[in-house]
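Working notes, structure below.
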Amino acid sequence: MNVINNQLYIGELHASEIVKRFRTPVYVYDDDVIRHKYRELADSLSYPNVKIFYAAKANTNSRILEILREEGAGIDAVSPGEIMAALNAGFKPNQIMFTATAVSDEEMKFAISKKILVNADSISQLGRYGELNPNSDVCLRINPAVGAGHHDHVITGGPDSKFGIWVGDLEQAIAVAQAHKLNIVGLHQHIGSGILDANKFMNAVDVILAAAKNFRNLKFIDFGGGLGVPYSPDQKPIDINEFGKKLSGILAAFSKNYGKELLFIFEPGRYLVAESGALLCTVNTIKKTPKHKFVGVDTGFNHLIRPMAYGSYHPIVKISDAEGAEKEKVVVYGNICESGDVFTIGDRELPVLKEGDVLAIMVAGAYGYSMASNYNTRPRPAEILVSGKKMSVIRDAEKLKDMLE
Ligand code: LLP
């Protein structure tokens, strides 16, 4: 996916071909970008025993799951629905881990029936899991007391976070596991999402590796996801080769001390799919107040909630015709009946827009469609995958009549 002279190319196609055929709003993804991101991360890690478990919540489209399976990924699933989506996309049970929160017994029974490894998020869950499935393998999600992320809502480590078993309570967890003859085969953590400072990730790696020394039967350690991608022009990408090199050294040294070559797992979601996707929309209204010029489009936070939920910046590119030199500050707003439904947080300088122009809201491949809703009784858009010159509908647009049944 490339923007060249304000023209958007997805694979080998020009965005206008997609708009002509499918109209807007529409989500479009570039197959190559997903594969490239996967390989880039996998290749950066020279430690021999590493797996990437894609965090399906970022984008659960079945074709995208299949692409990642083809590349060699496993799946981090957070609900019975995501387990089913992964199984339907051809993942084997041993390629899936169930990492949920506030987990009910019914959900654990479902995972057990599908032979999926359960990652316990609390001592309560561990005890209940032991009752349901004694003498089995289990993983523990720890809260390493440190967290990071692009917004408070997505920081998942530290004393304010609801996630994991507090790192100081692991002895208690070991006792509960022993009481049910559970074999703790894995330790897991996920400290947060949208991390662009690799040092923060590394600091948490130190914590889980220190804790791991007290567990003698481990087969793997899972560092979670969280690797960020740049959204705004002032953000820099993580130097992934540097990151992989540093980490591989740490992992090799740890395994040597531990006395066996453990498997290390990473669970990226955003890193793999965010940059593969764009939400295309059409300007249908231009209006003004004494303070702002407003540009209204045919989509809203029902389709992409990130700006509204986290104040997130998404690049917006005018793709309908070559961008003129003239720019002006505008607020791009959506068609949902709430004032928070804006895609620019405040004014943003964009090329002068007119009604009928097509815009691409970029870096929308992660937590875009997967967080979309039917709010305001509006259908969700189609999802289109471009592979080279080929475009395919990987999910049909919802029809109003199906929603009203
Ligand atoms: N593993 C676990 C256990 C997680 O909870 C998550 C994300 C991931 C992996 C993947 O994180 P990632 O690599 O994508 O950062 N809706 C928010 C992000 C929420 C992330 C929730 N957990 C957003 O749009 O920024």
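We're numbering straight along the sequence, starting at 1. All ligand and atom numbering here is 1-based and tracks the order in the structure.
Listed by chain and residue number, Thr282, Asp298 satisfy the side chain to side chain donor-acceptor pair (under 3.5 Å) test with Thr24 (two or more places apart in sequence, or in another chain). Every residue two or more places apart in sequence or in another chain was checked for a side chain to side chain contact (heavy atoms under 4.5 Å, CB included) with Lys236, and none qualifies.
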* Stepwise side-chain hydrogen bond (donor to acceptor under 3.5 Å, both in side chains) test for Tyr375 and Glu338 -> CA-CA 11 Å; Tyr375 186 44; Glu338 285 198 31; 2.8 Å; yes
* To do: Given side-chain hydrogen bond (donor to acceptor under 3.5 Å, both in side chains), test Tyr367 with Ser193 step by step and report yes or no.
  => CA-CA 11 Å; Tyr367 307 108; Ser193 193; 4.5 Å; no
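The Gly226 neighbourhood of ligand 1 comprises atoms 11 (O), 12 (P), 13 (O), 15 (O), with distances under 4.0 Å to a heavy atom of that residue. Atoms of ligand 1 lying under 4.0 Å from any heavy atom of Ala55, numbered from 1 in the order shown and given with element: 8 (C), 9 (C), 10 (C). With ligand atoms numbered from 1 in the order given, ligand 1 contributes 16 (N) to contacts under 4.0 Å with heavy atoms of Met371. When each atom of ligand 1 is checked for a heavy atom of Arg270 under 4.0 Å away, the hits are 12 (P), 13 (O), 14 (O), 18 (C), 23 (C), 25 (O). Within ligand 1, the atoms closer than 4.0 Å to a non-hydrogen atom of Pro268 are 13 (O), numbered from 1 in the order shown. The Val154 neighbourhood of ligand 1 comprises atoms 17 (C), 18 (C), 19 (C), with distances under 4.0 Å to a heavy atom of that residue.
When each of Ser387, Ser276, Ser392 is paired with Asp31, the side chain to side chain donor-acceptor pair (under 3.5 Å) condition holds for Ser387 and for no other.
Counting only N and O atoms by type, the side chains of Tyr54 and Glu71 include no donor and acceptor under 3.5 Å apart. Glu70 and Tyr38 form no side-chain donor-acceptor contact under 3.5 Å, judged by distance and modelled atom types alone. Remark: the Asn61 side chain and the Tyr29 side chain contain no N/O donor-acceptor pair separated by less than 3.5 Å.
Cation-pi geometry between Arg348 and Phe343 is not satisfied (NZ or CZ under 6.0 Å from the ring centre, within 45° of the ring normal). Remark: Arg216 is positioned above the aromatic ring of Tyr258, its terminal NZ or CZ atom under 6.0 angstrom from the ring centre and at most 45 degrees off the axis.
Without hydrogens or angle criteria, Ser320 side chain to Asp357 main chain gives no donor-acceptor distance under 3.5 Å.
Ligand 1 has no N or O atom lying under 3.5 Å from any N or O atom of Gly192, backbone or side chain. Distances between N or O atoms of Thr99 and those of ligand 1 include no value under 3.5 Å.
Comparing Tyr231, Phe53, Tyr367, Phe266 by heavy-atom distance to atom 20 (C) of ligand 1, the nearest is Tyr367.
Under 4.0 Å from ligand 1, not a single heavy atom of Ala58 appears. The part of His150 lying near ligand 1 is the side chain, judged by heavy-atom distances below 4.0 Å. When heavy-atom distances to ligand 1 are checked against a 4.0 Å cut-off, His151 has no atom that comes that close, whether in backbone or side chain.
The line from NZ of Lys219 to SG of Cys139 is 11.5 Å long, rounded to the nearest 0.5 Å.
Heavy atoms of Arg141 come nearer than 4.0 angstrom to ligand 1 in at least one pair. Note on ligand 1: Gly224 sits outside its first shell, no heavy atom being nearer than 4.0 Å.
Residue, atom and distance of the protein heavy atom nearest to atom 8 (C) of ligand 1 are His190 CE1, 3.4 Å. Of the protein's non-hydrogen atoms, Ser193 OG, 2.4 Å is the one closest to atom 15 (O) of ligand 1. The protein heavy atom nearest to atom 4 (C) of ligand 1 is Lys57 NZ, 3.1 Å. Protein heavy atom at the shortest distance from atom 9 (C) of ligand 1 is Glu267 O, 3.2 Å. In terms of protein heavy atoms, atom 24 (O) of ligand 1 is closest to Arg306 NE, 2.6 Å. The nearest heavy-atom contact from the protein to atom 16 (N) of ligand 1 is Tyr310 OH, 2.7 Å.
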